[in-house]
Amino acid sequence: MVARRISPTPNALQEGTGMSRYSAAEIEPKWQKAWDEAGVFHAERTADKPKYYVLEMFPYPSGRIHIGHVRNYTMGDVVARYKMATGHNVLHPMGFDAFGMPAENAAMANGGHPKDWTYSNIDTMVAQMKPLGFSLDWTRMFATCDPEYYGQQQALFLDFLEKGLVYRKNAVVNWDPVDMTVLANEQVEDGRGWRSGALVERRELTQWFFKISDYSDELLSALDTLDNWPAKVKTMQANWIGKSRGLQFAFSLIDAPHGHDRVEVYTTRPDTLMGASFVGISPDHPLAKDLEKSSPEVAAFCEKARQGGTTEEALEKAEKLGFDTGLKVRHPFDTAWELPVYIANFILMDYGTGAIFGCPGHDERDHEFATKYGLPIIDTFLPTEGDHDIQAAPFVPTKSEKVRYTRLIAGDEVQTGDEAVNAAVDFCEKNGVGHGVTKFRLRDWGLSRQRYWGCPIPVVHCDACGVVPEKKENLPVQLPDDVSFDIPGNPLDRHPTWRDVPCPSCGKPARRETDTMDTFVDSSWYFARFTAPRADTPTDLTEAEYWMNVDQYIGGIEHAILHLLYSRFFARAMHICGHLPETAKEPFDALFTQGMVTHAIYQTTGTDGRPVYHYPEEVVLANVGGKQRAFLRENVELWMKSEGVSSEDDPLFTAAVAEALIGTEVTIIPSAKMSKSKNNVVDPVQIISQYGADTARWFVLSDSPPERDVEWTASGAEAASKHLARVYRLAAELTDGEADTAGSDEQLLREMHKTIKDVTLGIDSFGFNAAIAKLYGFTNTIAKSKAGVVAKRMAIKTLAQLMSPMTPHLSEEIWQTLGGEGLITEAPWPQADESMLIEDTVTLPIQVNGKRRGEIDVPKDMDKAEVEKLALATDAVQRALDGAQPKKVIVVPGRIVNVVM
RNA sequence: GCCCGCGUGGUGGAAUGGUAGACACAGGGGACUUAAAAUCCCUAGGCUUUGAUGCCGUGCCGGUUCGAGUCCGGCCGCGGGUACCA
């Protein structure tokens with residue numbers, strides 16, 4: 001945008017203070033350069049200010065930034081800049097969570113190397129982020145795929161191994177029998193591999209695990225100390241950890257087949273033991289595996305039961321299948337009572353003991369199973385009042401509810417489930433039937449991934465020495481570059497020169513571990529690495545002690561459980577190994593979960609029957625009869641050309657849309673999380689290049705509360721830009737001077753102090769949209785004010801300061817125009833003068849029976865009786881009372897009057 | 001399936017249990033201009049009415065309260081997570 005192209009004569013204002021029209025393109029690079037030269041965002045330890053560490057969850061380098069990134073990082077930037085203005089030494093770093101599957105998928109789909117794809121994406125995204133003017137210390141940037149980073153991660157792994165925090169055991173994975181490869185959960189669609197279409201099997205592999213379960217109790221109880229975390233996140237984590245008290249005991253097997261004389265089970269409902277009707281074991285249970293060897297039927301069933309994905313959702317939703325082994329166990333309280341043993345597909349070896357007893361009367365799943373296989377359904381308790389048809393549906397009240405026991409094990413006949421469970425555990429222990437056990441739902445964290453693009457696990461397998469840790473001086477164990485992705489599977493596995501190495505212990509030929517680490521490992525300690533990103537140990541304790549904890553962490557709610565729980569575990573583990581101070585065991589002091597930016601997904605069906613996803617810009621939307629329809633843009637353009645239709649307003653176009661004659665219709669899936677794989681990401685670059693960074697920043701913060709999801713629409717960007725131009729103009733035109741009017745100055749300054757207070761509160765509480773609304777209001781006040789130049793100058797300078805966390809470039813420009821000292825970025829935050837906030841009178845709404853009927857203006861400190869008298873005297877109340885006496889009058893001072901009739 | 005959220009005008013949304021709809025977008029009307037752009041002003045939940053008054057109204061049903069968008073119970077819808085997407 002070129003200012004004043006038409007009028008060649010620059011006015012005095014232009015010569016003196018810059019341009020008279022707002023031009024982001026000219027302002028923004030100028031101030032970014034100024035900040036850069038002054039090094040204002042470079043973080044260093046200092047004793048003279050309190051430190052403040054702001055961190056937004058770092059991005060995956062998917063290719064280009066999307067509007068969700070802009071929203072997320074702008075929020076963090078507002079906090080960082082605000083804290084800087086309030087006298088803090090701020091650390092605000094940025095990096096990339098750069099390992100993961102999309103890079104390998106890209107290599108498979110388009111050739112090339114995951115490394116090149118990833119670093120090129122990072123370059124692009126950094127280039128897109130820099131013009132946004134974030135207050136980031138770019139000197140600290142790293143990507144988790146940098147050997148310097150993952151080498152230190154390998155060092156951490158070795159330390160964890162030494163401390164017994166890592167171990168190996170078997171665990172199931174999704175196995176694609178056609179591609180002969182392990183699939184991620186998202187690569188399993190309806191139980192089939194996404195590329196091969198083959199039925200997925202669950203297969204056991206030996207894998208590495210972090211012993212997070214040792215910390216279950218601590219991770220649970222420490223949630224109470226996280227006062228500045230959202231309650232919902234703490235609830236989700238508490239439920240996920242899932243502490244429960246139950247009974248572990250054994251059923252004795254009749255005839256002890258294959259040497260198994262008992263089946264160990266765990267139950268959280270021992271009070272329902274008298275309602276048992278079967279015992280279920282996992283297809284991976286040792287007993288099932290032994291039976292499988294001698295029985296083709298069992299083998300066939302187990303094969304079928306192992307089909308399908310490994311997710312909890314898939315298991316829960318899958319049709320419940322059982323196989324009667326013909327084996328029987330004895331009921332512990334009645335040795336004559338025999339229960340059948342079933343192998344069932346919904347029992348996972350990972351949970352509890354891999355075996356359960358089924359109580360169909362009080363469990364949905366068991367009920368479904370019993371009904372299907374004709375097993376008895378026995379109640380053990382019923383409602384205290386009324387009846388319940390247990391055959392038709394299970395009776396499953398919450399454990400805190402009182403029920404009446406019909407087959408009581410211990411305790412009172414009428415008691416709550418919780419009481420009954422405790423009584424039953426005590427009774428069983430006394431009678432030698434098992435023992436009470438506290439269990440956690442939380443399982444150990446499997447970190448092995450059978451993939452190339454991840455951090456290599458630094459161990460070597462030696463026939464003589466077993467699993468041998470790599471020597472620290474040999475770290476990093478670097479990924480080899482010469483790999484190809486033309487065949488499915490892990491290229492490390494078929495890379496002999498990388499894989500075959502001498503044993504670090506005995507020197508004989510051995511093999512490297514070819515599994516790499518889960519990418520959650522990468523993101524579980526990056527916050528600590530940012531405190532000393534170039535250290536030649538995982539952290540530098542001096543730096544970590546100074547900068548940790550993260551004072552404000554900002555990220556998506558989708559990370560509420562896994563990432564945030566793993567990070568909490570990692571901080572503890574790092575402390576044990578001396579990489580973090582004790583005080584950093586809970587690494588995030590405050591957490592804010594911002595909402596996601598959602599967008600419709602546009603989907604068509606490809607020739608192979610699989611869904612094809614289209615970018616928003618590839619789709620033409622048309623509104624026909626109030627219904628939105630979508631078509632592929634290339635089709636539409638061809639059609640328009642061939643029909644000679646030039647505009648979408650043409651009736652011919654509308655008619656053709658109604659009949660879907662303009663090409664492939666696109667299915668619109670509304671409001672979904674922006675996801676690279678669904679192509680529903682919105683590119684903010686256009687908004688930035690058209691209106692500038694400040695407009696984009698202002699725009700993503702206004703109108704919607706930060707914690708809520710927003711459906712993306714660009715309809716407000718122009719308005720945001722107009723507003724910023726208006727603020728700019730207010731400042732630029734101020735020098736013209738205006739006459740003072742008595743009282744106007746004070747009125748404006750009172751409004752200014754109120755705005756300072758409101759905006760400060762808004763920023764402190766993440767109410768950015770509300771703060772922006774106040775700033776709109778204050779801008780209007782200034783524009784209409786008759787105050788003199790001095791007061792107005794002060795008001796506009798304050799406005800610029802209050803806006804500076806959101807629109808830093810514009811604010812700097814105004815600050816400079818109005819003669820502010822130094823950079824606004826380094827200027828102290830304005831303080832509200834309390835004496836200017838006091839109001840003498842207050843407007844009280846008057847309600848009659850809770851409905852507003854009028855209002856009165858009264859002095860702020862008028863006593864209740866007086867207020868009541870005035871309120872009753874108002875026309876509205878008199879009319880409503882119609883001569884009657886009110887029953888009651890409620891006066892809430894400074895708030896409201898309610899007359900009850 | 002299970003766990004956690006969310007639901008307010010045409011739209012985004014505001015509202016410590018106390019005037020529902022602040023602020024903004026789109027809309028309608030007007031001023032300025034030869035014209036346009038830019039800018040400024042007015043208007044705006046629904047129904048009813050000339051207008052005032054009035055009635056209805058925060059997903060649905062019920063409850064607590066002088067008073068409920070807000071608290072409680074039950075539904076419906078949508079979103080997130082569900083341990084190998086990150």
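Owing to the predicted nature of the structure, the values given are computational and were not obtained by experimental measurement. The chains referred to below are lettered A, B, ... by the order of the sequence lines, with proteins before strands, and numbering in each begins at 1.
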**Q.** A:Lys851 NZ - B:rU53 C1' separation (whole Å)
**A.** 14 Å

Q.
If the cut-off is 4.0 Å, is A:Lys774 near the phosphate of B:rA15, judged by side-chain N/O to OP1 or OP2?
A. no

Q.
If I pick the P atom on B:rG80 and the same atom on B:rG67, what distance separates them, to the nearest angstrom?
A. 40 Å

Q) Quick one: is A:Arg708 getting a side-chain N or O under 4.0 Å of the B:rA14 phosphate, OP1 or OP2? A) yes

Q.
I want to check one thing: is the phosphate of B:rG12, taken as OP1 and OP2, less than 4.0 Å away from some side-chain N or O of A:Ser704?
A. no

Q.
Parallel, tilted or perpendicular: which one describes the rings of A:Trp445 and A:Phe569, with boundaries at 30° and 60°?
A. perpendicular

Q. Does a nitrogen or oxygen in the side chain of A:Arg449 sit under 4.0 Å from OP1 or OP2 of B:rC84?
A. yes

Q: Quickly work out the A:Glu204 CD to B:rC84 C1' distance and round it to whole Å.
A: 16 Å

Q: On the 0 to 90° scale, with breaks at 30° and 60°, tag the A:Phe570-A:Phe210 ring pair as parallel, tilted or perpendicular.
A: perpendicular

Q) Say you pick atom P in B:rU19 and the same atom in B:rG74; how far apart are they, in whole Å? A) 29 Å

Q. Quantified in whole Å, what is the C1' atom distance between nucleotide B:rC84 and nucleotide B:rG77?
A. 31 Å

Q: When you get a sec, tell me which of B:rU19, B:rC84, B:rC4 is the closest nucleotide to the side chain of A:Thr235?
A: B:rC4

Q: With C1' as the reference atom in both, quote the distance from B:rC75 to B:rA26 in angstrom, rounded to an integer.
A: 35 Å

Q. Do the side-chain N or O atoms of A:Asn769 get closer than 4.0 angstrom to the phosphate oxygens (OP1, OP2) of B:rA24?
A. no

Q. Taking the side chain of A:Asn239 as heavy atoms from C-beta outward, which of B:rA24, B:rG12, B:rC4 is closest to it?
A. B:rC4

Q: Please tell me which of A:Phe520 and A:Val897 maps to the more 5' nucleotide of RNA chain B, matching each residue to the nucleotide holding its nearest heavy atom.
A: A:Val897

Q: Verify the contact: side-chain N or O of A:Arg365 to OP1 or OP2 of B:rC2, cut-off strictly under 4.0 Å; return yes or no.
A: no

Q) Is the distance between the ring centroids of A:Tyr691 and A:Phe699 less than 6.0 Å? A) no

Q: To the nearest Å, give me how far apart NE2 (A:His559) and C1' (B:rC3) are.
A: 18 Å

Q) In whole Å, what is the span from the CG atom of A:Leu564 to the P atom of B:rA83? A) 17 Å

Q) Is the distance from OP1 or OP2 of B:rC40 to the nearest side-chain N or O of A:Arg726 less than 4.0 Å? A) yes

Q.
For A:His723 and A:Tyr776, take the angle between the two ring planes, folded into 0 to 90°, and tell me which bin it lands in: parallel under 30, tilted 30 to 60, perpendicular over 60.
A. tilted

Q) Which heavy-atom pair separates A:Val182 from A:Gln187 by the least distance, and what is that distance? A) O-OE1, 4.3 Å

